[in-house]
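Numbered from 1 within each chain, the chains take letters A, B, ... in sequence-line order. Computed from heavy atoms alone, side chains included, the values below leave out hydrogens, waters and symmetry copies.
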Amino acid sequence: MSSSDTTETNTKKKRTRKPRTTKSKTKKPEETTPAPAEITTPETSTLVPSEPEPAPAPVEEIVPETEEKVETEDVAPQVELPKFEKSLADKVTQKFGSKAEVAYIKQNRIRINVKKEDIKDVASYIRDELNFDHAESVSGVDYPDENKIEAVYHLGSYTDPELSKQILALATSAPREENPNPGRDSTRLPSLRDVFYSVEFHERECFEMLGVYFDDHPDNRRLLLPEDWADIPPLRKDFDIKGR
Amino acid sequence: MLKELVTPHGVNAFVGKLGDILVKAIDEPLGYAINWSRLWSLWPVHIETACCSVEFGAASGPRYDVERFGIIEAFGSLRQCDLVVVQGTITRKMAPRLRLVYDQMPEPKYVIAMGACAITGGLYFDSYNVLPGIDGVIPVDVYVPGCPPRPETLIQGCMLLQEKIKRMKAR
Amino acid sequence: MTAQLPPGLQLEKVDERIMTLNVGPQHPGSGHMRLIVQVDGDYIVACDPDPGYVHRGEEKMAEYRNYITNIPHLERPVIHDSCNILYPYCLAVEEILGLEVPERAKYVRVIASELNRCVYTMYWLAIYGIFLGHSTMFMWPAGDRELLIDLLEKITGARVTHAYFVPGGIRNDLPANFEDVCLRQVNYFEKRIKEYADIFYDNPILISRTENTGILSRQDAIRLGTTGSVLRASGVDFDIRKKEPYDVYENLDFQTNVLQSGDSYARSKIPWLDMLESCRIIRDALKKMPKSGAVRVKLKPNPKGGDVEVYRRVESGRGALGMHVISKSKPEPYRVKISVGSFRNLICMPYLLRGEKLGNMPAVYWSLNYWPVEADR
Ligand code: SF4
């Protein structure tokens, strides 16, 4: 049996046997509003009344390994930035000006650094206007040299087929304490749970692993560590593991 | 003369001797019978502790089939079980629970430490949340090394345990 | 207030009727985690998952090992899906080090990861079967997955912990004559799993136990950020292999399976449909694979990355699996964050279980395709 035969028969069988399966091609992209409505939209600005519709998704080849054009912001001018990603980042910078700093634009990846006071506004804007609807992960990173603890929200989109490749990393940082006292010191960030519901458990994990307390988070309990954990949060850089 | 011999103490000693002889006579076959019946119905507790449980599952699947050696894949209550197979890493959160499970089981009970993690901490020797072996938590009868041990190794470990039970003094 | 009502109609405090149950960690239906369930009679009113029983600190350990020695312990969270959990790590490290993977290695990676996806799904299916009281469904998948384990053992030399992917390719080439053996086994495997429909998916007992339990609507699936089979069972067409194709997935011929109903039945069916798709992918990849060539680029002994930060993701057996690797010009990564599908799906457990009967809990819980060791890392 040649394998082309098999695939053909397979598809035929599939179609007859499983009526509930829809093919990806036949599915229409739907526009849905990413749920909760209680969010305050960012204060209306006069700058962007009508955003230019992003050019139809650039049909670049997506061979992930040819990532030779790794640009940081400083080196940017020589190499051409990916167009669609740039347009997304430009929308944010247009809206928020100097508040939102674009750290890098790579193929399919954008990173935006904001101050912790603005993160809720920026996040709501990203959700409402740019259609990113869920958070994939929240990674906390400890930078003892710069005296800060960073929380990076990796946001993605299920509803917008144009954005399905994109991951927008929204980063913010909290001050770092030399002697941490999780929950009671100044290492605090506003919680994004009201904006992206999916960050709930990720933020809980971030709290116990890095000691970042999320204000307004309804449930800042311990998640993974043992109940009697009395040491400093383990993912801080000054926490040493055995024998190292 | 005879009267002196038939003191209460003497009678006691005599009865005791008789009992000893009797026990000697039936202890061995009785103990053997008890051990034999324990041997072929080892019921493991359903406690999965880490990734070694994948190979434990494979061992009870049809290709390896531990049931033919009398290790029954049990889904019952731990109060009817007599074997703990510690399937891998014991973290600091899991250790009290493991001890609790062990303490609730009726005697006699046996423990197999499966996987490098359960023996010494294995790959996670320097992790902050992993115990370096379970000997500090519960007493272990048989160690089955590997990461994860192949099902054959686990079966061999079970047979070693049976061998050990056979030679144990029945309690 | 209550005194005025006739006997039998007095209001009683709800709290007194509600009982708290600890399901796990030693429980036939829980796996390596605990669910703190509050029940009112037979109905669940609240559920609070308590994971962390297998939290081993992978992310911290990764900061102390270099890029190559990180491989064996980073695959431990899901040892029966180890190719797929190493995939994003290798992609990320390749991006950091600027490596170009040879063409043949890309195809072999796809084959290995699809085989591994089937091995994972079969194990999950076996567990799902036994927790629904369907012993045949434990025995069949547990036996059939050994077929593919044999194949993987041929390639990699280990039954489950393969450590096969390395940054820059794969560890070793395929053995001689592998293509024929693989084709034969996969064809047989496909025939076998099609039979599962007869005993499991079309079984009226199973259908009555799983249909209309734990319904997750499309909006909720998106809002809660679920992924993988849970998401696709709720009618969202999102598969990273299609949407953000890595390696050679864009050249291969397959489709995404989407069901609309969002109940436990759909969630348990999607992985099975995916396995049929995997068989197609493997056959296609075997056909299109270059017949010879290098499979690995040479690495320096202690490779160092620049000052970059990479987030790569793949579709694993449990949904999206992302790795966020930060490099700071050192041989060791500065931070590795593993974002796993199991952990992301954990959040919908309280939503799905509320209002269900306690007896449906295993059917709902295991349909989430949840592997506790991975969620805890
Ligand atoms: S010995 Fe290996 S397979 Fe077993 S629990 Fe430890 S890491 Fe996992």
Indicate the ring-plane relationship of H154(A) and Y311(C), choosing parallel, tilted or perpendicular according to the 30° and 60° boundaries.
parallel

Y351(C) and Y197(A) aromatic ring geometry - parallel, tilted or perpendicular at 30°/60° bounds:
perpendicular

Kindly indicate, with the supporting measurements, whether the criterion side-chain contact (heavy atoms from CB on, under 4.5 Å) is fulfilled by H324(C) and V152(A).
CA-CA 10 Å; H324(C) 181 205; V152(A) 188; 4.3 Å; yes

Using non-hydrogen atoms and a 4.5 Å limit, figure out which bit of [X] sits close to chain A: side chain, backbone, both or neither.
X	answer
I326(C)	side chain
T226(C)	backbone
R232(C)	neither
L231(C)	side chain

Could you check whether any side-chain heavy atom of [X] comes within less than 4.5 Å of a side-chain heavy atom of [Y], counting everything from C-beta outward?
X	Y	answer
F201(A)	L224(C)	no
K243(C)	Y158(A)	no
L235(A)	R335(C)	yes

Can you establish whether the number of heavy atoms outside K330(C) located under 6.0 Å from its atom NZ is more than 12?
no

Should [X] and [Y] count as an ion pair when the cut-off is N to O under 4.0 Å?
X	Y	result
E244(C)	R109(A)	yes
D50(C)	R221(A)	no
E205(A)	K337(C)	yes

Mind running side-chain contact (heavy atoms from CB on, under 4.5 Å) on K60(C) and F239(A) for me, showing each step along the way?
CA-CA 9 Å; K60(C) 185 74 181 176; F239(A) 180 90; 3.9 Å; yes

Most chain C-contacting option - heavy-atom pairs closer than 4.5 Å, from E200(A), H134(A), E136(A):
E136(A)

Out of G156(A), P234(A), A169(A), A135(A), return the one with the most heavy atom pairs under 4.5 angstrom to chain C.
P234(A)

Could you look at E227(A) and say if it's the side chain, the backbone, both or neither that has a heavy atom under 4.5 Å from chain C?
side chain

Out of curiosity, [X] [atom1] to [Y] [atom2], how far, rounded to the nearest 0.5 Å?
X	Y	atom1	atom2	result
L223(A)	L346(C)	CG	CG	7.0 Å
D142(A)	Y334(C)	CG	OH	6.0 Å
R56(C)	L224(A)	CZ	CG	12.5 Å
I222(C)	S198(A)	CD1	OG	11.0 Å

Among D220(C), T227(C), D48(C), which has the most heavy-atom pairs under 4.5 Å with chain A?
D48(C)

Do you know which of K328(C), M61(C), E309(C) has the most heavy-atom pairs with chain A at a distance under 4.5 angstrom?
E309(C)

